[in-house]
**Q** 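Attaching a single structure in structure tokens format; questions to follow.
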Amino acid sequence: MGTKIRIFLLIIFMQISISYQKTDLVILMALQTAWPNTTLNWKGSDPCDGTWLGIGCTNSRVTSLILPSMGLTGGIPGDIGEFTELQILDLSYNKRLTGTLTPAIGNLNKLTNLVIVDCGFTGRIPSTIGNLERLLYMSLNSNGFTGPIPATFGNLKNLYWLDLSGNKLTGSLPVSDGLTPGLDLLTNIKHFHFGNNQLSGDIPPTLFNLNMTRILHLLFDHNQFSGSIPSTLGFMQSLEIIRLDGNHLSGQVPSNINNLTSLNEMFLSNNILTGPIPNLTGMNLLSYLDLSNNSFDQSYIPSWFSTLESLTTLKMHYTNLVGELPAALFSFPQLQNVDLSNNRINGSLDISSNPSKQLELVDLRTNLIEDFVQRDRYTIDLILVGNTICTELGVTDYRFCSLVPMNTSTLYSTKYNNCVPSSCDLGLLPSQNCHCAYPFIGLILFKAPSFSTLENTTIYDSLHDNLTAYYQKVKLPVDSVLLNNPNRNLVDYLVIKLYIFPSGEPSFNRTGVIGVSFALSSQGFSSPKGFNTYTFIPENYLNFLSDIPGPGGTKSHSSSTGIIIGSAIGGCVLVGLLILAGIYALRQKGRAERATQQKQPFASWDLEGGSGGVPELKGARSFTFEELSKYTSNFSEINNIGRGGYGMVYKGTLPNGQLIAIKRAQQGSTQGGLEFKTEIELLSRVHHKNVVGLIGFCFDRSEQMLVYEFIVNGTLKDSLSGRSGIRLDWIRRLKIAVGAARGLQYLHDLADPPIIHRDIKTNNILLDQRLVAKVADFGLSKPMTDANRSHITTQVKGTMGYMDPEYYMTQQLTEKSDVYSFGVVMLELITARNPIENGRYIVREVKQAMNKDMELYGLHEILDPIIGLSTQLKGLERFVDLSLRCVEETGKLRPAMSEVVKELESIMALVGLNPGTGSSSSTSAATNESTGKDFSHPYSNDSLFAYSGGFLPPKLHPK
Ligand SMILES: *[C@@H]1O[C@H](CO)[C@@H](O)[C@H](O)[C@H]1NC(C)=O
Ligand SMILES: *[C@@H]1O[C@H](CO)[C@@H](O)[C@H](O)[C@H]1NC(C)=O
Ligand SMILES: *[C@@H]1O[C@H](CO)[C@@H](O)[C@H](O)[C@H]1NC(C)=O
Ligand SMILES: *[C@@H]1O[C@H](CO)[C@@H](O)[C@H](O)[C@H]1NC(C)=O
């Protein structure tokens, strides 16, 4: 009797416990509820029917949840821990996914890939993750995690990829002690990426042991590690990359460091290392070496300066080096950049014997070099400022003795595919095949590339071609990919802007965005040789093509994703690849309308304030007040770099290291929301190498701020007045004139709608690190619509001295008003005088002083003495002629900006300069065909060259 009851109770109990085992459907419903304001459209009763966004199944159980870049908002509920069959979880790039990471993640016993990159998570990383013994790949980078790295990670025996970089982790690295586990037990690890945290303490010697035989990348840079570098590091012979830079490491570099013969890159810079400079003899694969800013003993130039033939980059500033540089160093075939500034190098510099063809920059400023031997004229940038040769011999005119590199070859941009991009509607951009579309945009950050060139187009083309081929291979709906603006950020990552264009439709649907995102969040795409590992940080994608299945089409596209995953478990990255293939082989083809927000980017703009409804335009992102406050240390005084009628300008740094300038309208001078909106709309459409780019804006807490790229060398005015310390000779001034003219021509002729700047002056022309001119400040700018094509009647605004007299009298603004101002800028360029100085007007002064019968029109007196010797001022007369045509009283007599550009280019040709960098005159691409050094910005209309990249098949497995 009792037994029967007991059995009965047992059965009931079992039933209860089974009903408590939630089904995948129930869990997914809980997730959908936890993520309000998110369009997932999970509907129906079967998550495995192939229509559920981001869900992959095996045997009717959910095995993958892949939702990167889906704008998920909220947190991750504990329910997720009940996905007992889940193998792959990727929630990357959902910046509004916040809160702590639920410890329930630790219940996902079958998980192999845990990828949560660039979300908003905070708090501690749950130690329960240490239970996930099948885990192979874990990326929790670019979040706000705090606290220590859980020691339980030591239990993840199969883990080969651990990326925790870009968080706020503290504490020391856990190592095992017999009782608790530690990172030293990760015998399958290949990648430790811990950079940009606040980790501290010693680097434990026991971390490195002979059981850890597969390790490739050790990225511990930009933390607070102290103590000395353990000599056990010298046992890790598989290592290819070491980054220990930006810590407080002290003591001697272990003498067995040159046991690491597989090492390609070593960054030990910005520590307080002492003792002799390490002996790196035998590290023959070393390509990138940075030992700068340490406290090494005074050392003679080491012998390995003549033997490490793979070097592309040698950086050793402030390392206390003494002696003469061997000529052999400069003949290493791949050498690109040498920075040995601020040492005590002396003797004669010899770059004459067969110098590397790739050599771009040799920075030897502040040394004791006395002499310089060169055989041929060559094109490298050489800086010898502050050496005996410049200071004592009085050769200040020597081109290597001035501060800014002469080489103005331009940075890389992918070329168009044999087509001419036409202007696109608001928010759309031309793809490589010149189709207007909404690209998926982001920055790709390479943490330790083996090269340092920013100019070698072959290298960047290879990245482009690999990525294109990869997307084709996995059958993603990608039309093409564009790359531009490679740069080094503050922590020495190579940052490249990436635009991925949809094929077929003008925008990606959600599935498409998941596909392109996942390829990058999970390192499915493996970058070509030399680029090494990366982190991708996308902008929010707002213009989803609606992917709600149309009536009748609902069940027609069941997915075999799950089957593919099932058959590939454990393959990890390969799994990712196959999932993508699976998703896209059966990609829904139904034509659907565009999402409504695409047509009306400002439809939800809340003019009464509040950031909730603020839209983000393509190319311009919306920042919250908190973000900008953080990037500028609460708008601190130190970061205040200027003021104007509208308010203040602040300098700031984005989390990715990019410098920004923030224009903050002061209370009272803010415009109406609608006007601000109009200004952003206008600015976000302006993309040109010679125009300062808008990065974003803030319309939050009744603040109005515009965020621009920061331009390092400040205004042209500062340089002309000598305040910036940059010496502008005639050649540089010509280049600046042509650059600014091209920017202005772009605004007049190529921007859509055309824009009249209305405030061209030397204060509004900025110079970047290569002295490329960029037109800035659109505060007074006016777009020209079809209705006011010939002129705009408007209240007179502008700056006295630069203002078009005709506009002043008639209030009719035309493009020629800008031409007038530009003419004044040209006169200022050669005289370095203010337009109105002591009551005298520059235009009249020049006209009066001029005598066309004399050499240089007899202007010697009035020319800026810094401009150079009169014998070298070739073309100056034509320059003066042109500027006087620009300042003709009547607009009709002034040239258009396109003519100004052409004339300036032909003056450059006269001087023997290649005007090549970006033939601006949109119609003629012929000007620089011969040079092969053409520049093409994806948004300027200036590249008509055939795309000439070779095909490189993608690698399927990252190392
Ligand atoms: C979702 O949107 C509503 C209305 O815009 C807002 O009140 C709510 O806070 C949002 N929820 C989350 C989690 O962001
Ligand atoms: C390497 O692994 C073996 C076997 O697991 C173990 O006995 C040994 O202590 C480990 N060696 C080190 C240096 O950790
Ligand atoms: C060099 O590395 C090997 C293999 O890891 C190790 O056995 C050897 O002791 C190391 N040599 C030195 C000098 O550290
Ligand atoms: C550097 O190391 C190499 C090889 O280990 C050795 O031959 C050479 O003498 C060392 N140089 C110095 C200056 O110690």
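Computed from heavy atoms alone, side chains included, the values below leave out hydrogens, waters and symmetry copies. Residue numbers start at 1 and run along the sequence shown.
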**Q** Can you confirm whether T535 sits close enough to K447 that some side-chain heavy atom of one is under 4.5 Å from a side-chain heavy atom of the other?
**A**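 T535 vs K447: side chains touch.
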**Q** Any sub-3.5 Å donor-acceptor pair from N94's side-chain atoms to M70's backbone N or O?
**A**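 The answer is yes, because a donor-acceptor pair under 3.5 Å joins these two groups.
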**Q** Report yes if some heavy atom in the side chain of H222 is under 4.5 Å from a heavy atom in the side chain of R243; otherwise report no.
**A**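 The answer is yes; the side chains approach within 4.5 Å.
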**Q** How far does CZ of F508 sit from CD1 of I514, to the nearest 0.5 angstrom?
**A**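 It is 12.5 Å, given to the nearest 0.5 Å.
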**Q** Is any side-chain heavy atom of Y471 closer than 4.5 Å to a side-chain heavy atom of V516?
**A**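 Yes - at least one pair of side-chain heavy atoms lies under 4.5 Å apart.
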**Q** If you round to the nearest 0.5 Å, how far is OG of S522 from CG of D90?
**A** 4.5 Å
**Q** With a 4.5 Å cut-off on side-chain heavy atoms, are M138 and L159 touching?
**A** yes
**Q** So, the side chain of N197 versus the backbone of K168: is there a donor-acceptor pair under 3.5 Å, distance only?
**A** yes
**Q** Quick check on side chain to side chain contact (heavy atoms under 4.5 Å, CB included): which of N167, L183, L219 does F194 satisfy it with?
**A** L183
**Q** Would you mind reporting whether I116 and L97 have side-chain heavy atoms less than 4.5 Å apart?
**A** no
**Q** Assign the ring pair Y534 / F525 to parallel, tilted or perpendicular, where the plane angle (0 to 90°) is split at 30° and 60°.
**A** tilted
**Q** Roughly how far, to the nearest 0.5 Å, is the OH atom of Y460 from the CG atom of L454?
**A** 4.5 Å
**Q** So P430 and C424, do their side chains get closer than 4.5 Å, heavy atoms only?
**A**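 They are in contact (side-chain heavy atoms under 4.5 Å apart), so the answer is yes.
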**Q** Report the distance from atom CG of L132 to atom OG1 of T112, rounding to the nearest 0.5 Å.
**A** 10.0 Å
**Q** Within this structure, what is the CD1-OG distance for the pair I66 and S517, rounded to the nearest 0.5 Å?
**A** 11.0 Å
**Q** Evaluate the side-chain proximity of M705 to F623: yes if any heavy-atom separation is below 4.5 Å, no if none is.
**A**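 The answer is no; the side chains never approach within 4.5 Å.
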**Q** Tell me, please, which residues at least two apart from T98 pass side-chain contact (heavy atoms from CB on, under 4.5 Å).
**A**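 side-chain contact (heavy atoms from CB on, under 4.5 Å) list for T98, sorted by chain: empty.
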**Q** Tell me yes or no: between the side chains of T414 and Y412, is some donor less than 3.5 Å from an acceptor?
**A**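 Y412 and T414 do have a side-chain donor-acceptor pair below 3.5 Å.
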**Q** Side chains of H193 and N141: closer than 4.5 Å at any heavy-atom pair?
**A**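 No. Closest side-chain heavy atoms not under 4.5 Å.
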**Q** Is there a side chain to side chain donor-acceptor pair (under 3.5 Å) between D49 and T51 once you walk through the steps?
**A** CA-CA 6 Å; D49 72 1; T51 67; 2.7 Å; yes
**Q** Quick one: pull up CG in L463 and OG1 in T468 and give me the separation to the nearest 0.5 Å.
**A** 9.0 Å
